[in-house]
Amino acid sequence: MQEKDLERELDKAIGNVEIEGHSIPKHEKDIVSRVYQKYKDRLGTDAVDSLLYGLVKETKNMEQENGRSK
């Protein structure tokens, strides 16, 4: 995926998350972009997608645990 396409897809994903009431800081968007660009050729896009999916899943689990402990 070209950098311009990646930027557009990240913006769409962030927009979807913001609709749910969560905000994504620019530095987090930049981290995702850098991880994708760094590892896409070395590991392949499926591996990077899996990594990012795992991060999102873990974040949701942490949010649920934090919600239960309140």
Side-chain angles (χ1 to χ4, degrees):
M1 182 180 302
Q2 292 181 349
E3 192 164 340
K4 188 175 183 179
D5 293 334
L6 175 62
E7 186 80 18
R8 186 172 50 248
E9 290 300 315
L10 282 172
D11 286 339
K12 283 197 280 185
I14 288 170
N16 291 340
V17 170
E18 288 176 344
I19 287 171
E20 296 176 3
H22 303 284
S23 65
I24 306 295
K26 181 174 178 1
H27 74 276
E28 289 180 7
K29 176 184 168 187
D30 293 342
I31 290 169
V32 170
S33 180
R34 284 195 314 263
V35 166
Y36 185 85
Q37 293 297 338
K38 182 175 181 178
Y39 292 106
K40 68 178 178 151
D41 294 329
R42 189 179 330 168
L43 302 175
T45 56
D46 288 342
V48 175
D49 289 346
S50 179
L51 168 66
L52 295 175
Y53 177 80
L55 289 172
V56 169
K57 190 98 167 135
E58 184 61 29
T59 301
K60 286 182 180 181
N61 289 340
M62 289 172 59
E63 288 175 354
Q64 288 175 346
E65 289 297 318
N66 288 340
R68 288 184 197 147
S69 65
K70 287 184 179 178

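Worth knowing before you read on, the calculation uses all heavy atoms, side chains too, and leaves out hydrogens, waters and symmetry mates. Just so it is clear, the structure is predicted and the values come from calculations on it, not from any experiment.
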> Using 4.0 Å as the upper bound for N to carboxylate O, is an ion pair formed by Asp5 and Arg8?
Replying inline: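 A salt bridge is present here (some side-chain N lies under 4.0 Å from a carboxylate O).
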>> Closer than 4.0 angstrom, basic N to acidic O: yes or no for Lys4 and Glu7?
In response: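 Salt bridge flag = no for Glu7 with Lys4.
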> Mind checking what makes side-chain contact (heavy atoms from CB on, under 4.5 Å) contact with Lys38, not counting sequence neighbours?
Replying inline: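 side-chain contact (heavy atoms from CB on, under 4.5 Å) check on Lys38 returns Arg42.
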> Considering residues at least two apart in sequence or located in another chain, which fulfil the salt bridge (charged side-chain N to carboxylate O under 4.0 Å, His left out) criterion with Lys57?
Replying inline: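 Counting only residues at least two positions away or on another chain, Lys57 forms no salt bridge (charged side-chain N to carboxylate O under 4.0 Å, His left out).
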> Mind checking what makes side-chain hydrogen bond (donor to acceptor under 3.5 Å, both in side chains) contact with Asp30, not counting sequence neighbours?
Replying inline: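 Only Lys26 meet the side-chain hydrogen bond (donor to acceptor under 3.5 Å, both in side chains) criterion with Asp30.
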> Where is the tightest heavy-atom contact between Lys29 and Asp11, given as atom of each residue plus distance?
Replying inline: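 Shortest heavy-atom separation between Lys29 and Asp11 comes out as NZ-OD1, 2.5 Å.
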